[in-house]
There are 2 protein chains.
Amino acid sequence: MLVQPDRDRRAERHAATRAEILDAAWEQVRASGLAALSLRDLARSVGMQPPSLYSYFDSKNAIYDAMYAQGAQQFVDEQSESMPTPEDPLKALQAGVHFFVEFCAADLARYQLLFQRVIPGFEPTPESFKISADSLAELGGLLARCGVSDPKMLDLFTALGTGLADQQLSNDPGGDRWIRLIDDAVEMFYEHMTNKAKQPRKGRRKK
Amino acid sequence: MLVQPDRDRRAERHAATRAEILDAAWEQVRASGLAALSLRDLARSVGMQPPSLYSYFDSKNAIYDAMYAQGAQQFVDEQSESMPTPEDPLKALQAGVHFFVEFCAADLARYQLLFQRVIPGFEPTPESFKISADSLAELGGLLARCGVSDPKMLDLFTALGTGLADQQLSNDPGGDRWIRLIDDAVEMFYEHMTNKAKQPRKGRRKK
DNA sequence: GTCTATATCCAGATAGAC
DNA sequence: GTCTATCTGGATATAGAC
């Protein structure tokens, strides 16, 4: 019976080439925009002819999907390593938004791929998409530990976070104009949330 | 001397055809996504051959630019007709965010064209872009009338508005899940803003 | 298995006849 | 102004060399 001694080496080489292609793809979309990814340029940048890419990815959307999975994995990894989840719930929320906005601000193309729907025919695989749902559930748990179970508060919080990220990226890319507002913004939300939890009535009263 | 009796009629017809093309373009991007605009399909939908479009627009980006100008004009028109600017500054801010979010939510393609940068090679003309700057200045005036001159508050307010719009479009298109949060969100902001105006110190005190 | 070469189709854009 | 014909280039897929 024949053994196949080079099988692992081939698989390793294949994976390494895939990674190299993905790296080049990220470089290209960062330089030219997410939607401007071109298989010709991509192949040339890794020293291949365009059709050779099809040995590594079934289609252009498969490349987008692999990039999506990479970005989502980066989100999970960096979140778990950079977020100590402090005891103080306010500080925990502030840290969470800091992480989120700075993660988004670090790479516009990644932000568009992960959090916006910019590529017409592209939808991420369900397993990649599941990551955002998991992160959101984690956030809901944190709010619940603050005594808040109202899902509206969760929605308001996500709106605040995405708004800060969106403005930072749209109007001050590379800067920190909205990043500097995060602590204040989360404090605003936190006080509002705890007040509402104490006074769940519709009628508002003057301070 | 020769007169040119049909000149107005030609110009009218030209403008009418341009408008017809733009209407068809909006229809196409609403159906297939902003970036999926195809000159072939567009030409066919108005009964032309593709090159004939170039009698009306210099390029595909010129079509995007005309659409941008249309959308920006709609924003100005609807804003001035639907916003009575009430005396109560809180109500005025709420009305402003309501208008903004619902304007965005009414048309995803228009939102992407006006407020996000989805088309790689496309930048709007400066005159079209000026509209958003004007609206922002108007908003700054309203905050100033509330006794707030801190530009950070303006930035925070725009982040809140765009965050609500973004979440509404991304996660509940066609619904009102984040629209229903607007009044509460603006109230949260308003109380925070007026508190900060009274206590502009860095150190925070317990309530 | 991976490559080169090639074929097909569709995109935006231009030239020139009428 | 509209057409036909055509150019350039990208995306996808297949054939065949090695």
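In what follows, chains are A, B, ... by sequence order, proteins preceding strands, each numbered from 1. Everything numeric here is computed off the predicted structure, so don't read it as measured data.
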(message) Going by the rule ring-ring contact (aromatic ring centres under 6.0 Å, His included), which residues pair with Phe122(A) if we only count those two or more places apart in sequence or in a different chain?
(response)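 Once residues adjacent in sequence are excluded, the partners of Phe122(A) under the ring-ring contact (aromatic ring centres under 6.0 Å, His included) criterion are Tyr64(A).
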(request) Report the residues that fulfil ring-ring contact (aromatic ring centres under 6.0 Å, His included) with Tyr68(B), sequence neighbours left out, ordered by chain and then residue number. (result)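 Counting only residues at least two positions away or on another chain, Tyr68(B) forms no ring-ring contact (aromatic ring centres under 6.0 Å, His included).
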(request) Could you name each residue pair satisfying ring pair (Phe, Tyr, Trp, His ring centres under 6.0 Å) that touches residues 153-178 of chain B, not counting sequence neighbours? (result)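 The answer is Phe157(B)-Phe189(B).
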(message) Show me the pairs that pass ring pair (Phe, Tyr, Trp, His ring centres under 6.0 Å) and involve residues 20-60 of chain A, at least two apart or across chains.
(response)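 Those involving residues 20-60 of chain A are His14(A)-Tyr56(A).
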(request) Estimate the overall bend of the helix from dG1(C)-dC18(D) to dC18(C)-dG1(D) from the end axes over five pairs each, rounded to 10 degrees. (result)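 One end's axis against the other's: 10°.
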(request) Record whether the side chain of Arg40(A) comes under 3.5 Å of the base of dG9(D) through a donor-acceptor pair of N or O atoms. (result)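 Answer is no: no donor-acceptor pair is held.
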All pairs passing salt bridge (charged side-chain N to carboxylate O under 4.0 Å, His left out) where [range] contributes a residue, at least two apart:
| range | answer |
| --- | --- |
| residues 13-27 of chain B | none |
| residues 136-160 of chain A | Asp155(A)-Arg177(B) |
| residues 98-119 of chain B | Arg30(B)-Asp107(B), Arg117(B)-Glu123(B) |

(request) Give me the residues of residues 45-57 of chain B where at least one heavy atom lies under 4.0 Å from an atom of DNA chain C, by number, or none. (result)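 By residue number: Pro51(B), Tyr54(B).
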(message) Which residues in residues 26-38 of chain A have a heavy atom closer than 4.0 Å to any atom of DNA chain C?
(response)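 Residues of residues 26-38 of chain A that come under 4.0 Å of DNA chain C do not exist, since none gets that close.
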(request) Using side chain to side chain contact (heavy atoms under 4.5 Å, CB included) as the criterion, list what pairs up with Asp88(B), not counting sequence neighbours. (result)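 Here the qualifying residues are Leu90(B), Lys91(B).
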(message) Using a 4.0 Å heavy-atom cut-off, does Ser59(A) contact any base of the nucleic acid, only the sugar-phosphate backbone, or nothing at all?
(response)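 No contact.
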Ignoring hydrogens and angles, write down the donor-acceptor pairs under 3.5 Å from the side chains of residues 35-42 of chain B, residues two or more places apart or on other chains.
from     : atom 1 : to       : atom 2 : distance (Å)
Ser38(B) : OG     : Arg40(B) : N      : 3.3
Ser38(B) : OG     : Asp41(B) : N      : 3.2

